[in-house]
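Worksheet for the structure shown next.
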Amino acid sequence: MSNAQTHLHKVELLPKDYKTDTKPFWCPGCGDHGVLTGIYRALTELGVDPNYLVNISGIGCSSRLPYFVRSYKMHTLHGRAGPVATGVQLARPDLAILVNGGDGDGFSIGGGHMPHLARKNINMTYVLMDNRIYGLTKGQVSPTSQRKMKAYTTPYGGVEEPLDPVLYMLTYGASFVAQTLATNVKMTAQLIKEGMEHKGFSFISVMSHCPTFNAIDDAKFFKESAEELQENHDVSDIDAAMHAVNMAHKNGRIPVGLLFREERPTLDERMAELVKQVGGSPDYDLRKIIDLARP
Ligand SMILES: Cc1ncc(C[n+]2csc(CCOP(=O)(O)OP(=O)(O)O)c2C)c(N)n1
Ligand code: SF4
């Protein structure tokens, strides 16, 4: 396996060069503004060439992000950003793929796709914007909502326990898993940068508050609950990563930082290897296949 970062094409640009003419139309104070700033900073520091960048999203407030980033882009269907991005990545492994979406988008309707992006190690960076609510549809509980939260469809509080996206991604076999806060732009930018440099499926969960519909998971709550991983945390140890998440849960904390990273072949590399092994080429004589069907 080669470690060449062939999916990152470098240029020298300023943060403003990654902006489009469309100004962000999120509510004032929405955490998503911070995620976008983190993305601009990461792209600038990496010097990603917008001509080789594809920003793909699902549906929701968070999924509007690609409109604001200079790149090729697709605003797809609710929960389907991952599979669409997989198609793009396999067709063009030379492109950098950045995916954005919400907690409802990724872990409710899109929940069937998440394990396979991770286990297949599709080379893309998935930035989850977790506000623990459905924002665009005006505030229903999501799979990450705290049970006690009273929302549109749960006026007496919810009846289900939340799931933890990072614990899921560690279990699914994601080769890069990190968590950060939208209010900590520096950490967000750094982790997105490392995630984009990583060859494989990188998952960055950003706790992104929704001041319009989620009164309990506000910026202050996320900030006070965040707990940076210990300095001696071994990012190559999957057990240590899971332990850190479980311990944080027990103490009502949210672990932030790089939880886990490993190098292993991506799906496109394995497929290229297979094609080489069987001698595949665009000039292959298709009559040989037709001949197989002759009696
Ligand atoms: C198939 C389908 N079902 C339902 C919807 C309605 N819908 C639009 S956005 C959304 C959820 C938004 O919540 P989330 O994904 O958490 O993103 P946020 O808006 O909070 O960023 C839903 C259910 C839809 N667009 N498509
Ligand atoms: S509804 Fe919430 S998530 Fe959507 S833009 Fe407004 S603050 Fe952000």
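Whatever order the structure lists ligands and atoms in, that order sets their numbers, starting from 1. Given the structure is predicted, the values throughout are model-derived calculations rather than measurements. The residues of the chain are indexed from 1 along the displayed sequence.
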Legend entry - Protein residue, atom and distance nearest to atom 25 (N) of ligand 1, heavy-atom basis: Ile59 CG2, 3.7 Å
Legend entry - atom 6 (Fe) of ligand 2 [closest protein heavy-atom partner, distance rounded to 0.1 Å]: Cys27 SG, 2.3 Å
Inset, instruction - Would you tell me whether Asp164 and His249 have side-chain atoms, one donor and one acceptor, within less than 3.5 Å of each other? - result: yes
Legend entry - Whether Phe25 and Tyr67 hold their rings parallel, tilted or perpendicular, with breakpoints at 30° and 60°: tilted
Legend entry - Proximity to ligand 1 by part of Asp32, non-hydrogen separation under 4.0 Å: neither
Inset, instruction - For atom 13 (O) of ligand 1, grab the closest protein heavy atom and report residue, atom and distance to one decimal in Å. - result: Tyr134 CA, 3.4 Å
Inset, instruction - Please write down residue, atom name and distance for the protein heavy atom closest to atom 4 (Fe) of ligand 2. - result: Cys61 SG, 2.4 Å
Inset, instruction - Do me a favour and list the nearest non-hydrogen protein atom to atom 4 (C) of ligand 1 with residue, atom name and distance? - result: His78 CD2, 3.8 Å
Legend entry - Ring geometry between Tyr52 and His9 (parallel below 30°, tilted from 30 to 60°, perpendicular above 60°): parallel
Legend entry - Ligand-residue contact atoms, ligand 1 with Gly60, heavy atoms, under 4.0 Å: 9 (S), 17 (O), 19 (O)
Inset, instruction - Would you check if Leu181 and Val256 make a side-chain contact, meaning some heavy-atom pair closer than 4.5 Å? - result: yes
Inset, instruction - With heavy atoms under 4.0 Å as the rule, classify the contact between Asn131 and ligand 1 as side chain, backbone, both or neither. - result: side chain
Legend entry - Residue-ligand contact Asp130/ligand 1, heavy atom below 4.0 Å: no
Legend entry - Lys/Arg-Asp/Glu bridge criterion (N-O < 4.0 Å) met for Arg294, Asp291: yes
Inset, instruction - Could you tell me if the ring centre of Tyr40 sits under 6.0 Å from that of Tyr18? - result: no
Inset, instruction - Identify, by atom number and element, the atoms of ligand 2 in contact range of Phe213, meaning under 4.0 Å from any of its heavy atoms. - result: 1 (S)
Inset, instruction - Please work out whether any backbone atom (N, CA, C, O) or any side-chain heavy atom from C-beta onward of Cys61 is under 4.0 Å from ligand 1, and answer side chain, backbone, both or neither. - result: both
Inset, instruction - For ligand 1, find out whether one of its N or O atoms is nearer than 3.5 Å to an N or O atom of Ile109. - result: no
Legend entry - Asp94 bridged to Arg92 by N-O distance under 4.0 Å: yes
Inset, instruction - Could you verify whether a donor N or O on one side chain and an acceptor N or O on the other, from Arg261 and His198, lie under 3.5 Å apart? - result: no
Legend entry - Flag side-chain contact, heavy atom, 4.5 Å: Val206 against Leu128: no
Legend entry - Aromatic ring pairing Phe203/Phe201, orientation class (parallel under 30°, perpendicular over 60°, tilted between): parallel
Legend entry - Region of Asp105 that comes within reach of ligand 1 [heavy atoms, distance under 4.0 Å]: both
Inset, instruction - Around atom 7 (N) of ligand 1, find the nearest protein heavy atom and jot down its residue, atom name and distance. - result: Thr137 CG2, 3.4 Å
Inset, instruction - Using a strict 4.0 Å cut-off to heavy atoms of Ile133, name the atoms of ligand 1 that fall inside it. - result: 16 (O), 20 (O)
Legend entry - Pairwise side-chain contact, Arg270 with Asn121, heavy-atom cut-off 4.5 Å (strictly under): no
Legend entry - Nitrogen or oxygen of Ser62 less than 3.5 angstrom from that of ligand 1: yes
Legend entry - Region of Ile133 engaging ligand 2 - heavy atom pairs below 4.0 Å: neither
Inset, instruction - List the closest protein heavy-atom neighbour of atom 14 (P) of ligand 1: residue, atom name, distance to the nearest 0.1 Å. - result: Gly104 N, 3.7 Å
Inset, instruction - May I ask you to list the atoms of ligand 1 that are less than 4.0 angstrom from any heavy atom of Gly135? - result: 13 (O), 18 (P), 19 (O), 20 (O)
Inset, instruction - Please identify which atoms of ligand 2 are closer than 4.0 Å to at least one heavy atom of Cys30. - result: 3 (S), 5 (S), 7 (S), 8 (Fe)
Legend entry - For Asn131, the ligand 2 atoms whose distance to one of its heavy atoms is below 4.0 Å: 3 (S)
Inset, instruction - Please indicate whether any nitrogen or oxygen in Gly102 is less than 3.5 Å from any nitrogen or oxygen in ligand 1. - result: no
Inset, instruction - Answer yes when Glu197 and Lys193 have at least one side-chain N-carboxylate O distance shorter than 4.0 Å, and no when they do not. - result: no
Legend entry - Within-4.5 Å side-chain heavy-atom neighbours: Asn100 and Ser62: no
Inset, instruction - List the closest protein heavy-atom neighbour of atom 2 (Fe) of ligand 2: residue, atom name, distance to the nearest 0.1 Å. - result: Cys210 SG, 2.3 Å
Inset, instruction - For Leu136, counting its heavy atoms only, list the atoms of ligand 1 lying under 4.0 Å from any of them. - result: 19 (O)
Inset, instruction - Verify whether one side chain among Asp103 and Ser142 offers a donor that lies under 3.5 Å from an acceptor in the other. - result: yes
